[in-house]
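Structure first, commentary second.
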Protein chains: 2
Amino acid sequence: MASEVTLGELDSILGLRIRRAHGAVQRHFTDHFAELGLTQKQVSVLWLAGNHPGLAQTDLARALDTDRATTMALVHGLEKRGLLARTASSQPDRRRIAFQLTADGARLLERSRAAIAAHEAWLAARFTSDELVQLHALLARIYR
Amino acid sequence: MASEVTLGELDSILGLRIRRAHGAVQRHFTDHFAELGLTQKQVSVLWLAGNHPGLAQTDLARALDTDRATTMALVHGLEKRGLLARTASSQPDRRRIAFQLTADGARLLERSRAAIAAHEAWLAARFTSDELVQLHALLARIYR
DNA sequence: TATTGTTATACTCTATAACTATA
DNA sequence: TATAGTTATAGAGTATAACAATA
């Protein structure tokens with residue numbers, strides 16, 4: 001019966017499981033960050049900029065595992081919204097452009113921290129602490 | 001130094017790890033399926049259609065965890081390329097539209113199986129079989 | 001009323017290519 | 001030559017809203 005269609009053999013494919021897990025996390029994040037108007041990547045940039053004032057786009061690209069062009073679009077959007085700004089500080093390498101949070105950006109980051117904690121709690125609730133440690137370690141092996 | 005920027009505290013966030021792992025898997029998949037011209041989702045549809053002739057779009061949407069509209073775009077693309085076709089079979093529910101692979105679709109699916117196996121081998125190589133079992137189980141808890 | 005398929009629309013993410021300026 | 005930033009462009013994935021046909 002067509003109504004019984006499942007992933008079948010696809011269920012044994014790890015890549016698919018990672019994709020589905022990512023999708024579920026992504027949906028939960030989007031739903032709960034709608035009121036803040038931030039995506040997962042945008043929050044990450046605010047967080048990194050808050051912790052590392054003066055970082056450059058290349059630093060962001062490396063930390064976020066994204067292309068330079070993709071990072072540009074991300075940064076550009078945050079600049080337009082007045083959450084991130086370029087600093088006019090003196091840099092040793094004049095190619096690099098330093099960024100820092102604006103006051104609005106810092107405020108939004110603070111509000112985001114609570115939402116991130118709630119999101120992580122939702123995700124972690126289904127695991128024991130041992131399982132969490134293991135899952136962290138296993139996932140890290142994929143991208144490192 | 002800006003060159004030392006890392007994920008820092010972000011590294012403790014499971015959601016981010018899942019995202020990065022997904023990104024790494026996605027990139028590997030894209031690179032190795034470029035010659036076949038198929039995305040992960042497209043391969044999944046071919047696979048499911050091959051195993052379940054006559055399935056409907058709703059079945060695909062449920063199995064792939066995607067919106068109906070998103071599934072439409074996916075199916076539409078495969079139809080345009082002549083890999084998937086609608087069947088004129090008699091259905092009990094006339095709203096449902098049955099799909100099946102074309103000859104081209106079946107051929108491409110066969111070629112894909114080898115590529116999928118190679119992709120999975122690349123991914124699984126970093127884990128023991130016990131770890132693989134564990135990772136499968138842990139990930140499934142996120143989306144089920 | 002609910003479900004299936006459909007279209008229109010929009011936004012995010014991702015990446016490639018080509019360019020400028022600097023190292 | 002190599003790196004940092006930039007722009008233009010394009011494709012994939014995701015989702016919402018609104019509609020028609022059918023159950």
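Chain letters run A, B, ... following the sequence lines, proteins first, then strands; residues in each count from 1.
Remark: the A/Arg95 side chain and the C/dA21 base include no donor-acceptor N/O pair separated by less than 3.5 Å.
Counting non-hydrogen atoms under 4.0 angstrom, A/Thr58 reaches the backbone sugars and phosphates but no base. At the heavy-atom level, A/Arg68 lies under 4.0 Å from base atoms of the strands shown.
Projected onto DNA chain C by closest heavy-atom contact, A/Asp93 and A/Thr39 fall at different nucleotides, the more 5' of which corresponds to A/Thr39. Ranked by how close their nearest DNA chain C nucleotide is to the 5' end, B/Arg27 and B/Phe99 are led by B/Phe99.
Put simply, B/Gln57 has a side-chain N or O that comes within less than 4.0 Å of OP1 or OP2 on C/dT6. In terms of phosphate contacts, A/Arg62 brings no side-chain nitrogen or oxygen within less than 4.0 Å of OP1 or OP2 of D/dA4.
Remark: the backbone N or O of A/Met72 is not paired with any side-chain donor or acceptor of A/His76 at under 3.5 angstrom. Side chain of B/Arg126 to backbone of A/Ile142: a donor-acceptor contact under 3.5 angstrom is found. Side-chain atoms of B/Glu120 come within 3.5 Å of backbone N or O of A/Gly15 as a donor-acceptor pair. The main-chain N or O of B/Gly82 is found under 3.5 Å from a side-chain atom of B/Thr102 such that the two form a donor-acceptor pair. Side-chain atoms of A/Asp59 come within 3.5 Å of backbone N or O of A/Ala56 as a donor-acceptor pair.
Distances from the side chain of B/Thr66 to the nucleotides C/dT14, D/dA15, D/dT14 place D/dT14 closest. Looking at the side chain of B/Ala56, the nearest of the listed nucleotides D/dG13, C/dA15, C/dG5 is C/dG5. Distance from the side chain of A/Asp67 is smallest to C/dA15 among C/dA15, D/dA15, D/dT6. The nucleotide whose nearest atom lies closest to any side-chain atom of A/Lys41 is, among C/dC13, D/dT7, D/dT14, C/dC13. Looking at the side chain of A/Ile97, the nearest of the listed nucleotides C/dT16, D/dA15, D/dT6 is D/dT6. Checking C/dA15, C/dG5, C/dT14 against the side-chain heavy atoms of B/Arg96 singles out C/dG5 as nearest. Among the nucleotides C/dG5, D/dA15, C/dA15, the one closest to the side chain of B/Arg86 is C/dG5.
If you measure from atom CG of B/Leu38 to atom C1' of D/dG13, you get 16 Å, rounded to the nearest angstrom. As a whole-Å value, the separation of A/Arg20 CZ from D/dG13 P is 16 Å. Regarding A/His76, its NE2 atom lies at a distance of 13 Å from the P atom of C/dT12, rounded to whole Å. In this structure, B/Arg94 places its CZ atom 18 Å from P of D/dA20, rounding to the nearest Å. When rounded to the nearest whole Å, the span between CG of A/Leu64 and P of C/dT12 equals 16 Å. Following rounding to the nearest Å, A/Asp65 (CG) and C/dT14 (C1') show an atom-to-atom distance of 12 Å. Taking atom CD of residue A/Gln26 and atom P of nucleotide D/dG13, one finds them 14 Å apart after rounding to whole Å. The nearest whole Å value for the distance from the CZ atom in B/Phe33 to the P atom in D/dG13 is 13 Å.
Partner of B/Val45 under the side-chain contact (heavy atoms from CB on, under 4.5 Å) criterion, chosen from B/Leu74, B/Leu55, B/Thr39, B/Thr71: B/Leu74.
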